[in-house]
Visitor: 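I'd like to ask some things about the structure below.
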Amino acid sequence: QPLACEGDYLECMAAADQQPLATPFLLVERPTALDCCVLGGLRAHPLMDPDPRPRLSSFTTLLSWNARCTSERIPAHRFPPLEKLTPFAELLLSRMRETYQPFIRANAVALASGEKLFDARSDGSDVRYLCRAYPERSRQMVVARIATLSARARETLDAILAKHDLSTTF
């Protein structure tokens with residue numbers, strides 16, 4: 001399990017390292033909350049920790065993007081449509097289907113039945129997790145936000161979720 005997680009992490013980092021060569025941001029051609037999460041996560045953890053920092057040195061494009069996002073002001077402009085997802089976004093959506101979705105569904109079932117532990121398939125293995133309320137609250141917040149989208153944006157998002165078999169989760 002730890003080796004599979006490390007492999008997933010490195011695959012995501014490699015994809016994130018390539019994305020700034022094609023688009024200014026990771027998911028689409030506009031800033032998103034994920035860009036903030038990735039930047040914040042990089043700055044707070046691997047770039048500050050002496051153990052993972054050397055492993056990041058090969059991701060030079062990602063490190064340059066981090067520096068650019070620190071020093072440049074993002075100009076206001078008309079945002080392109082959401083349906084133009086980047087390869088990095090596509091990778092994350094596929095990972096969500098394979099790892100997040102089984103976890104979040106099993107956690108929700110365990111919460112509803114009052115269980116303290118649950119099993120979910122992750123990276124080809126059955127893993128036992130401690131049931132927590134915050135992942136389900138987070139998922140519900142995403143569902144609530146999706147409900148506020150315009151009909152056109154909702155149609156676009158529904159198509160993206162259906163393409164990645166995530167419709168029943170969100």
Side-chain angles (χ1 to χ4, degrees), residues 1 4-5 8-9 11-13 15-16 19-20 22-46 62 65-66 69-70 73-170:
Q1 183 71 26
C5 289
D8 283 349
Y9 173 76
E11 183 179 8
C12 286
M13 293 300 289
Q19 196 55 57
T23 59
F25 301 99
L26 294 178
L27 291 186
V28 291
E29 294 193 19
R30 57 180 164 175
T32 65
L34 179 74
D35 293 293
C36 296
C37 291
V38 170
L39 288 169
L42 278 173
R43 293 172 185 172
H45 300 290
L62 186 62
W65 177 72
N66 171 54
C69 287
T70 301
R73 184 168 168 79
I74 299 167
H77 62 282
R78 186 178 167 173
F79 292 137
L82 178 63
E83 56 269 357
K84 292 185 179 182
L85 296 180
T86 64
F88 182 69
E90 297 285 345
L91 174 68
L92 290 182
L93 289 166
S94 72
R95 289 287 181 250
M96 286 177 69
R97 179 182 60 246
E98 297 164 9
T99 57
Y100 172 79
Q101 186 165 253
F103 167 84
I104 203 73
R105 285 180 176 172
N107 186 67
V109 169
L111 272 174
S113 63
E115 298 293 325
K116 299 222 182 272
L117 299 171
F118 66 93
D119 295 320
R121 195 122 180 104
S122 180
D123 293 313
S125 301
D126 288 327
V127 181
R128 179 152 285 192
Y129 294 97
L130 186 60
C131 185
R132 298 280 186 202
Y134 69 85
E136 180 57 17
R137 276 197 312 267
S138 176
R139 188 195 67 78
Q140 290 174 3
M141 288 168 47
V142 171
V143 169
R145 175 67 176 105
I146 289 170
T148 69
L149 296 176
S150 69
R152 182 168 183 246
R154 180 63 191 257
E155 185 178 308
T156 299
L157 184 58
D158 285 347
I160 291 168
L161 293 174
K163 175 183 173 188
H164 293 281
D165 194 26
L166 294 167
S167 299
T168 57
T169 299
F170 300 106

Visitor: How long is the straight-line distance from CG of Leu157 back to CD1 of Ile146, given to the nearest 0.5 Å?
Guide: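 Reported to 0.5 Å precision, the distance equals 5.0 Å.
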Visitor: What are the two closest heavy atoms between Ala120 and Tyr129, and how far apart are they?
Guide: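 Minimum heavy-atom separation between Ala120 and Tyr129: CB-CE1, 3.9 Å.
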Visitor: Could you pull out all residues at least two apart from Arg132 that satisfy salt bridge (Lys or Arg N to Asp or Glu O under 4.0 Å)?
Guide: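 Arg132: no salt bridge (Lys or Arg N to Asp or Glu O under 4.0 Å) contacts found.
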Visitor: Angle class for the Phe103/Phe118 ring planes (parallel below 30°, perpendicular above 60°, tilted otherwise)?
Guide: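 Rings of Phe103 and Phe118: tilted, 30 to 60°.
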Visitor: Take Arg95 and Glu98, measure what salt bridge (Lys or Arg N to Asp or Glu O under 4.0 Å) needs, and give me the verdict at the end.
Guide: CA-CA 5 Å; Arg95 289 287 181 250; Glu98 297 164 9; 2.8 Å; yes
Visitor: When rounded to the nearest 0.5 angstrom, what is the spacing between OG1 in Thr86 and CZ in Phe25?
Guide: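 Those atoms lie 12.0 Å apart.
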Visitor: Nearest 0.5 Å, please: how far is CG in Leu92 from CG in Leu26?
Guide: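 That separation rounds to 8.0 Å.
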Visitor: Atom CZ in Arg128, atom OG in Ser122: separation rounded to 0.5 Å?
Guide: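 Answer for the CZ-OG pair, Arg128 versus Ser122, is 15.0 Å.
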Visitor: What are the two closest heavy atoms between Leu149 and Ala153, and how far apart are they?
Guide: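 That closest heavy-atom pairing would be CB-CB, 4.1 Å.
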Visitor: Check whether more than 12 heavy atoms from other residues, nucleotides or ligands sit under 6.0 Å from atom CD of Gln140, and answer yes or no.
Guide: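 Counting other residues, nucleotides and ligands, CD of Gln140 exceeds 12 neighbours.
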Visitor: Give a yes or no on whether the backbone of Pro24 and the side-chain of Trp65 come within a donor-acceptor separation of less than 3.5 Å.
Guide: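 Answer holds: yes.
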Visitor: Could you tell me if the side chain of Asp119 sits less than 4.5 Å from the side chain of Val127, heavy atoms only?
Guide: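 Of all side-chain heavy-atom pairs linking Asp119 with Val127, none is under 4.5 Å.
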Visitor: Quick one: does any side-chain atom of Arg97 pair with a main-chain N or O of Asp165 as donor and acceptor, under 3.5 Å?
Guide: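 No; zero donor-acceptor contacts below 3.5 Å.
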Visitor: So does Thr169 get a backbone contact from the side chain of Arg139, meaning a donor-acceptor N/O pair under 3.5 Å?
Guide: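 Between the backbone of Thr169 and the side chain of Arg139 there is a qualifying donor-acceptor contact (under 3.5 Å).
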Visitor: Hey, are the side chains of His164 and Gln101 touching, using non-hydrogen atoms and a 4.5 Å cut-off?
Guide: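 SC-SC contact between His164 and Gln101 ruled out.
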Visitor: For Glu136 and Asn107, which heavy atoms make the closest approach, and how far apart are they?
Guide: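 Looks like N-ND2, 4.1 Å.
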Visitor: Kindly write out the residues that satisfy salt bridge (Lys or Arg N to Asp or Glu O under 4.0 Å) with Glu115, not counting sequence neighbours, or none if the list is empty.
Guide: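 Expected list: none.
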Visitor: Could you give the distance from OG1 (Thr99) to CD1 (Ile104), rounded to the nearest 0.5 Å?
Guide: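 If we round to the nearest 0.5 Å, Thr99:OG1 and Ile104:CD1 are 11.0 Å apart.
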Visitor: When rounded to the nearest 0.5 angstrom, what distance separates CG in Leu91 from CE in Met96?
Guide: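 Here the interatomic distance stands at 12.0 Å.
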Visitor: Pro46 versus Tyr9: any side-chain heavy-atom pair under 4.5 Å?
Guide: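 Heavy-atom side-chain distance check passes, below 4.5 Å.
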